[in-house]
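Notes follow the structure.
Bear in mind the structure is a predicted one, so any value in this text is a computation, not a measurement.
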Amino acid sequence: MELNADFTARVIVRDAENTWRASPMRGVERKMLDRIGDEVARATTVVRFAPNAEFHAHTHDGGEEFLVLDGVFEDEHGAFPAGSYIRNPPKSHHAPSAPQGTTILVKLHQFDPEDRTHVRIATQKSVPVPAAGRPGVSVLPLFVDGREDVRIETWAPKADVRIEGHEGLEVFVLSGGFAEGGEELGPWDWLRLPPAQTLEAVAGPEGAKVWVKTGHLAAMV
């Protein structure tokens, strides 16, 4: 299966227009954002666990990165409420469950194969800092290496936001909204820009809180 697999193209997926699809696991549904492959795939997905849904224990050969959007995600490493950012690198394993139900933004098979860094950040307990040279923007770093930069950005109401010179960019709206390229994006909408295509956005009247990843798509184009 290929979905939004042309990484030279600008892509927007609107949450309200995206359909929940059943997964092979009972009680687990997903909204696909991009995908190359079938059940083992390079994929970016919003995944929803019904209360008491669970996955069998499994190993992530290509790594797994996710942000908890609502509810509480659980595995043998702990309970992770909304706002938790997790990186389970290649060769890691776990048995996920959601006694209370949860929704996560998850990326699979998108790691450096040699990455072995585990990350667990409670972003809801962290304070963003003003971004140097970017008026109206505050940043909460999540992960940075020579390949990618992952962060949560908070954009002040009506702020002009520009991100240029990147090697691929993804923005997932957590709250609020913004306009970009003549289009409006709101909560849980997703934008992907190819390398070198500048983001020129204007935050909405309530501002915006967004998950941002840059630098990771050069190898895909």
Side-chain angles (χ1 to χ4, degrees), residues 1-7 9-77 79-90 92-111 119-120 123 142-143 148 150 152 168-175 185-192 209-213 216-217 220:
M1 175 182 184
E2 290 194 355
L3 175 67
N4 294 325
D6 179 359
F7 291 89
R10 177 180 184 270
V11 178
I12 289 177
V13 178
R14 301 187 187 283
D15 180 67
E17 299 170 0
N18 204 359
T19 302
W20 289 111
R21 306 184 190 188
S23 81
M25 302 302 294
R26 183 177 179 181
V28 179
E29 300 175 295
R30 54 200 177 185
K31 290 186 175 184
M32 299 180 183
L33 303 180
D34 66 21
R35 194 173 189 90
I36 301 174
D38 296 315
E39 283 311 312
V40 177
R42 181 205 185 280
T44 305
T45 314
V46 177
V47 179
R48 180 170 68 183
F49 290 68
N52 298 314
E54 59 184 25
F55 266 92
H56 299 308
H58 57 274
T59 298
H60 289 289
D61 290 333
E64 172 193 59
E65 171 189 20
F66 65 90
L67 179 69
V68 182
L69 302 176
D70 65 23
V72 180
F73 178 97
E74 297 189 22
D75 62 16
E76 61 270 38
H77 305 294
F80 304 101
S84 300
Y85 174 73
I86 311 296
R87 289 177 71 93
N88 294 320
S92 63
H93 56 86
H94 66 162
S97 64
Q100 303 174 46
T102 190
T103 308
I104 63 175
L105 170 67
V106 60
K107 297 179 75 66
L108 298 173
H109 287 270
Q110 299 180 43
F111 279 57
V119 176
R120 299 184 180 98
T123 71
L142 300 176
F143 180 81
E148 63 187 28
V150 189
I152 289 176
L169 177 147
E170 292 180 52
V171 180
F172 185 88
V173 184
L174 302 175
S175 61
L185 288 88
W188 294 17
D189 291 346
W190 176 75
L191 168 69
R192 191 185 72 203
K209 184 177 181 181
V210 298
W211 175 93
V212 179
K213 181 192 279 275
H216 59 304
L217 297 179
M220 303 301 296

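Note: Leu142 CG to Leu67 CG = 7.5 Å, rounded to the nearest 0.5 Å. Between atom CZ of residue Arg42 and atom CZ of residue Arg35 there is a gap of 11.5 Å, rounded to the nearest 0.5 Å. The structure places CG of Leu3 at 8.0 Å from CG of Leu33, a figure rounded to the nearest 0.5 Å.
Side chains of Thr44 and Lys107: a donor on one and an acceptor on the other come within 3.5 Å. No hydrogens or angles considered: a donor-acceptor pair under 3.5 Å links the side chains of Glu170 and His216.
By the 4.0 Å N-to-carboxylate-O rule, Arg48 lies too far from Asp70 to be salt-bridged with it. Using a 4.0 Å cut-off between a side-chain N of Lys or Arg and a carboxylate O of Asp or Glu, Arg87 and Glu148 qualify as a salt bridge.
Closest approach of Ala95 to Glu76, counting heavy atoms only: N-OE1, 2.9 Å. Across every non-hydrogen atom of Gly186 and Val173, the tightest pair is O-CB, 3.1 Å.
Judged by a 6.0 Å distance limit and a 45° cone about the ring axis, Arg120 is not positioned over the six-membered ring of Tyr85.
Scanning for side chain to side chain donor-acceptor pair (under 3.5 Å) contacts around Asp61 gives an empty result, with sequence neighbours left out.
Ring geometry, Phe73 versus Phe66: the interplanar angle falls from 30° to 60°, so the pair is classed tilted.
A donor-acceptor pair is defined here as one N or O able to donate and one able to accept, closer than 3.5 Å; such a pair exists between the side chain of Gln110 and the backbone of Ala43.
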